[in-house]
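What follows is a short report on a single structure.
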Amino acid sequence: MFNDDARSGLAMTRPLRPAQTKSLLRKEMRNKRNALGPARQDAASAGLLDRLLSIISSDSVRIIAMYLVNDGEIDPVRVMQWCWENAKIATVPVVQKDSGILVFAEVTPQTRFRENRFGIREPVIAETRIVTARQLDVVLLPLVAFDQTGNRLGMGGGFYDRTFEFLVNTDVTGPELIGIAHEIQKVKRINAEPWDIPLSAVVTDKQVYSFSRLQ
(Lines give C-alpha, C1' and ligand atoms only; values in the text may rest on other atoms or scores of the structure.)
Protein backbone atom coordinates (compact mmCIF):
# COMPACT_ATOMS: atom_id res chain seq x y z
CA MET A 1 0.00 0.00 0.00
CA PHE A 2 1.10 3.57 -0.71
CA ASN A 3 1.32 6.11 2.07
CA ASP A 4 0.10 9.67 1.54
CA ASP A 5 3.54 10.92 0.48
CA ALA A 6 3.82 8.18 -2.12
CA ARG A 7 0.34 8.93 -3.47
CA SER A 8 1.27 12.61 -3.74
CA GLY A 9 4.46 11.75 -5.60
CA LEU A 10 2.58 9.58 -8.08
CA ALA A 11 0.06 12.32 -8.73
CA MET A 12 2.84 14.80 -9.42
CA THR A 13 4.60 12.54 -11.91
CA ARG A 14 1.49 11.31 -13.73
CA PRO A 15 1.49 12.63 -17.34
CA LEU A 16 -0.94 15.40 -18.11
CA ARG A 17 -3.82 14.65 -20.47
CA PRO A 18 -3.78 16.62 -23.77
CA ALA A 19 -6.66 18.83 -22.64
CA GLN A 20 -4.78 19.69 -19.45
CA THR A 21 -1.61 20.44 -21.40
CA LYS A 22 -3.45 22.83 -23.73
CA SER A 23 -5.17 24.51 -20.81
CA LEU A 24 -1.83 25.15 -19.13
CA LEU A 25 -0.32 26.40 -22.39
CA ARG A 26 -3.22 28.80 -22.87
CA LYS A 27 -2.68 30.19 -19.40
CA GLU A 28 1.07 30.57 -19.91
CA MET A 29 0.80 32.29 -23.29
CA ARG A 30 -1.99 34.62 -22.19
CA ASN A 31 0.07 35.63 -19.17
CA LYS A 32 3.09 36.28 -21.38
CA ARG A 33 1.30 38.52 -23.84
CA ASN A 34 -0.62 40.36 -21.12
CA ALA A 35 2.70 41.09 -19.40
CA LEU A 36 3.89 43.10 -22.40
CA GLY A 37 3.87 46.79 -21.61
CA PRO A 38 2.31 49.50 -23.82
CA ALA A 39 5.61 50.32 -25.53
CA ARG A 40 6.26 46.70 -26.54
CA GLN A 41 2.66 46.24 -27.65
CA ASP A 42 2.88 49.35 -29.79
CA ALA A 43 6.16 48.23 -31.36
CA ALA A 44 4.68 44.79 -32.05
CA SER A 45 1.67 46.34 -33.77
CA ALA A 46 3.98 48.36 -36.03
CA GLY A 47 6.11 45.31 -36.81
CA LEU A 48 3.01 43.29 -37.67
CA LEU A 49 1.88 45.80 -40.29
CA ASP A 50 5.36 45.91 -41.84
CA ARG A 51 5.35 42.14 -42.33
CA LEU A 52 1.78 41.96 -43.58
CA LEU A 53 2.09 44.64 -46.25
CA SER A 54 3.40 42.30 -48.94
CA ILE A 55 0.24 40.19 -48.49
CA ILE A 56 -2.55 42.71 -47.95
CA SER A 57 -1.33 45.27 -50.52
CA SER A 58 -2.00 42.83 -53.38
CA ASP A 59 -4.62 43.99 -55.88
CA SER A 60 -6.43 40.67 -55.36
CA VAL A 61 -7.04 41.50 -51.69
CA ARG A 62 -9.99 43.80 -51.07
CA ILE A 63 -11.83 42.61 -47.93
CA ILE A 64 -9.75 41.82 -44.85
CA ALA A 65 -11.00 40.39 -41.55
CA MET A 66 -9.21 41.16 -38.31
CA TYR A 67 -10.28 41.58 -34.68
CA LEU A 68 -10.56 44.07 -31.84
CA VAL A 69 -7.87 43.40 -29.26
CA ASN A 70 -9.00 42.58 -25.71
CA ASP A 71 -6.65 40.04 -24.08
CA GLY A 72 -3.09 41.11 -24.81
CA GLU A 73 -3.20 39.86 -28.41
CA ILE A 74 -1.03 41.56 -30.98
CA ASP A 75 -3.05 44.57 -32.04
CA PRO A 76 -4.02 44.85 -35.74
CA VAL A 77 -5.18 48.45 -35.30
CA ARG A 78 -2.46 49.72 -37.65
CA VAL A 79 -3.62 47.21 -40.26
CA MET A 80 -7.15 48.58 -39.89
CA GLN A 81 -5.94 52.16 -40.30
CA TRP A 82 -3.88 51.15 -43.34
CA CYS A 83 -7.02 49.61 -44.89
CA TRP A 84 -8.93 52.88 -44.44
CA GLU A 85 -6.14 54.78 -46.17
CA ASN A 86 -5.73 52.35 -49.06
CA ALA A 87 -9.25 51.55 -50.31
CA LYS A 88 -9.45 48.18 -48.53
CA ILE A 89 -12.47 47.03 -46.52
CA ALA A 90 -11.65 46.26 -42.88
CA THR A 91 -14.03 43.91 -41.06
CA VAL A 92 -14.24 42.36 -37.60
CA PRO A 93 -16.12 39.22 -36.46
CA VAL A 94 -19.61 39.16 -35.01
CA VAL A 95 -20.83 35.92 -33.37
CA GLN A 96 -24.25 34.74 -34.53
CA LYS A 97 -26.10 33.76 -31.37
CA ASP A 98 -27.93 30.70 -32.66
CA SER A 99 -25.20 28.98 -34.66
CA GLY A 100 -21.94 30.22 -33.14
CA ILE A 101 -20.82 31.00 -36.70
CA LEU A 102 -18.95 34.22 -37.36
CA VAL A 103 -20.05 36.86 -39.81
CA PHE A 104 -17.96 39.96 -40.41
CA ALA A 105 -18.95 43.59 -40.08
CA GLU A 106 -17.27 46.40 -41.97
CA VAL A 107 -15.72 48.98 -39.65
CA THR A 108 -14.84 52.59 -40.40
CA PRO A 109 -13.55 55.45 -38.23
CA GLN A 110 -17.22 56.33 -37.52
CA THR A 111 -18.30 52.85 -36.34
CA ARG A 112 -19.84 52.58 -32.86
CA PHE A 113 -19.27 49.50 -30.68
CA ARG A 114 -20.94 47.55 -27.88
CA GLU A 115 -19.88 44.57 -25.78
CA ASN A 116 -21.18 41.10 -26.71
CA ARG A 117 -21.98 38.33 -24.24
CA PHE A 118 -18.27 37.45 -23.99
CA GLY A 119 -17.32 40.98 -22.99
CA ILE A 120 -15.73 41.59 -26.41
CA ARG A 121 -16.53 44.71 -28.42
CA GLU A 122 -18.61 44.28 -31.55
CA PRO A 123 -19.67 46.95 -34.04
CA VAL A 124 -23.19 48.33 -34.01
CA ILE A 125 -23.91 48.12 -37.69
CA ALA A 126 -26.69 47.60 -40.23
CA GLU A 127 -27.23 44.16 -41.75
CA THR A 128 -26.37 45.62 -45.15
CA ARG A 129 -22.76 46.04 -44.01
CA ILE A 130 -22.31 42.40 -43.01
CA VAL A 131 -19.84 40.24 -44.97
CA THR A 132 -19.91 36.44 -44.98
CA ALA A 133 -16.83 34.26 -44.54
CA ARG A 134 -16.87 33.29 -48.21
CA GLN A 135 -16.66 36.92 -49.30
CA LEU A 136 -13.42 37.61 -47.46
CA ASP A 137 -10.04 37.69 -49.17
CA VAL A 138 -7.76 37.50 -46.11
CA VAL A 139 -8.55 36.59 -42.52
CA LEU A 140 -6.19 37.62 -39.71
CA LEU A 141 -6.88 35.18 -36.87
CA PRO A 142 -5.89 35.75 -33.27
CA LEU A 143 -3.81 32.94 -31.75
CA VAL A 144 -2.89 31.86 -28.25
CA ALA A 145 0.08 29.82 -29.49
CA PHE A 146 1.47 28.36 -32.73
CA ASP A 147 4.28 26.10 -33.87
CA GLN A 148 6.57 26.23 -36.90
CA THR A 149 4.52 23.66 -38.82
CA GLY A 150 1.37 25.78 -38.72
CA ASN A 151 -0.53 24.13 -35.88
CA ARG A 152 -2.32 26.64 -33.71
CA LEU A 153 -3.96 26.94 -30.34
CA GLY A 154 -6.95 29.23 -29.96
CA MET A 155 -9.13 30.08 -27.01
CA GLY A 156 -11.06 26.83 -27.37
CA GLY A 157 -14.40 28.24 -28.52
CA GLY A 158 -14.10 26.81 -32.02
CA PHE A 159 -15.69 29.85 -33.69
CA TYR A 160 -13.14 30.14 -36.50
CA ASP A 161 -13.03 26.37 -37.10
CA ARG A 162 -16.83 26.22 -37.47
CA THR A 163 -16.94 29.31 -39.64
CA PHE A 164 -14.27 28.18 -42.09
CA GLU A 165 -15.07 24.49 -42.11
CA PHE A 166 -16.01 24.82 -45.78
CA LEU A 167 -12.32 25.26 -46.62
CA VAL A 168 -11.60 21.64 -45.69
CA ASN A 169 -12.94 20.74 -49.13
CA THR A 170 -9.91 21.44 -51.32
CA ASP A 171 -12.18 22.14 -54.33
CA VAL A 172 -13.65 25.16 -52.55
CA THR A 173 -11.96 28.51 -52.87
CA GLY A 174 -12.00 30.92 -50.01
CA PRO A 175 -9.97 33.42 -48.05
CA GLU A 176 -6.38 32.99 -46.98
CA LEU A 177 -6.30 32.25 -43.24
CA ILE A 178 -3.34 33.91 -41.58
CA GLY A 179 -2.67 33.62 -37.88
CA ILE A 180 -1.20 36.70 -36.24
CA ALA A 181 0.61 36.67 -32.93
CA HIS A 182 3.49 37.99 -30.90
CA GLU A 183 6.73 36.15 -31.63
CA ILE A 184 6.81 35.05 -27.98
CA GLN A 185 3.71 32.91 -28.65
CA LYS A 186 5.68 30.46 -30.79
CA VAL A 187 6.17 27.06 -29.14
CA LYS A 188 7.97 23.88 -30.11
CA ARG A 189 4.93 21.75 -30.88
CA ILE A 190 1.13 21.83 -30.74
CA ASN A 191 -0.86 18.67 -31.37
CA ALA A 192 -3.40 19.35 -34.11
CA GLU A 193 -7.04 18.39 -33.71
CA PRO A 194 -9.06 16.81 -36.58
CA TRP A 195 -11.32 19.87 -36.74
CA ASP A 196 -8.51 22.44 -36.93
CA ILE A 197 -8.63 24.48 -40.12
CA PRO A 198 -5.09 24.83 -41.56
CA LEU A 199 -3.43 28.21 -41.89
CA SER A 200 -1.65 29.63 -44.92
CA ALA A 201 0.81 31.43 -42.67
CA VAL A 202 1.47 32.91 -39.26
CA VAL A 203 2.73 36.48 -39.19
CA THR A 204 4.30 37.91 -36.04
CA ASP A 205 5.94 41.20 -35.20
CA LYS A 206 9.27 39.61 -36.18
CA GLN A 207 8.72 37.07 -38.96
CA VAL A 208 6.45 35.47 -41.56
CA TYR A 209 6.01 31.69 -41.29
CA SER A 210 4.53 30.38 -44.54
CA PHE A 211 2.84 26.97 -44.75
CA SER A 212 1.43 27.19 -48.28
CA ARG A 213 1.75 29.56 -51.21
CA LEU A 214 -0.16 32.74 -50.52
CA GLN A 215 -2.37 33.95 -53.35
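Index from 1, following the sequence.
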Do [X] and [Y] have side chains that approach each other closer than 4.5 Å (heavy atoms only, starting at C-beta)?
X    : Y    : value
D161 : R152 : yes
V139 : P175 : yes
W84  : P109 : yes
M66  : C83  : yes
M29  : V187 : yes
V92  : P123 : yes
V131 : V103 : no
L25  : E28  : yes

Tell me whether [X] shares a hydrophobic cluster with [Y], the cluster being built from Ile, Leu, Val, Met, Phe, Trp, Tyr side chains joined at under 4.5 Å.
X    : Y    : value
F146 : I184 : no
I56  : V77  : no
L36  : L49  : no

Enter the distance from [X]:[atom1] to [Y]:[atom2] here, rounded to the nearest 0.5 Å.
X    : Y    : atom1 : atom2 : answer
I101 : T163 : CD1   : OG1   : 4.5 Å
L52  : I180 : CG    : CD1   : 6.5 Å
T108 : M80  : OG1   : CE    : 10.0 Å
N34  : E73  : CG    : CD    : 8.0 Å
K188 : T149 : NZ    : OG1   : 12.5 Å
K206 : L48  : NZ    : CG    : 12.0 Å

Would the number of heavy atoms belonging to other residues, nucleotides or ligands and lying under 6.0 Å from CZ of R162 be above 12?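 Above 12, so yes.
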
Take atom CD in Q148; do more than 12 heavy atoms of anything else shown fall under 6.0 Å from it?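 Counting neighbours around CD of Q148, 12 or fewer heavy atoms of other residues, nucleotides or ligands fall under 6.0 Å, so no.
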
Is there a donor-acceptor contact under 3.5 Å from the side chain of [X] to the main chain of [Y]?
X    : Y    : answer
S58  : I55  : no
Q185 : R33  : no
T91  : I64  : yes
Q207 : T204 : no
D147 : G150 : yes

With no hydrogens and no angle check, do the side chains of [X] and [Y] hold a donor and an acceptor under 3.5 Å apart?
X    : Y    : answer
Q135 : T132 : yes
Q41  : H182 : yes
N151 : D196 : no

Mind checking what makes ring pair (Phe, Tyr, Trp, His ring centres under 6.0 Å) contact with F104, not counting sequence neighbours?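 Counting only residues at least two positions away or on another chain, F104 forms no ring pair (Phe, Tyr, Trp, His ring centres under 6.0 Å).
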
Closest non-hydrogen atom pair, [X] against [Y]:
X    : Y    : result
Y67  : L140 : CD2-O, 3.7 Å
S45  : I74  : N-CG1, 4.5 Å
V202 : F211 : N-CE1, 3.5 Å

Looking at [X] and [Y], does any basic side-chain N land under 4.0 Å from a carboxylate oxygen?
X    : Y    : result
K88  : D137 : no
D205 : R51  : no
D42  : R78  : yes

Any idea how Y160 and F164 line up, ring-wise: parallel (<30°), tilted (30 to 60°), or perpendicular (>60°)?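 Rings of Y160 and F164: parallel, under 30°.
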
From CA spacing to verdict: side chain to side chain contact (heavy atoms under 4.5 Å, CB included), L177, L141: CA-CA 7 Å; L177 304 187; L141 286 77; 3.9 Å; yes

Given L53 and W82, is the side chain to side chain contact (heavy atoms under 4.5 Å, CB included) satisfied, shown in steps? CA-CA 9 Å; L53 280 177; W82 181 91; 3.4 Å; yes

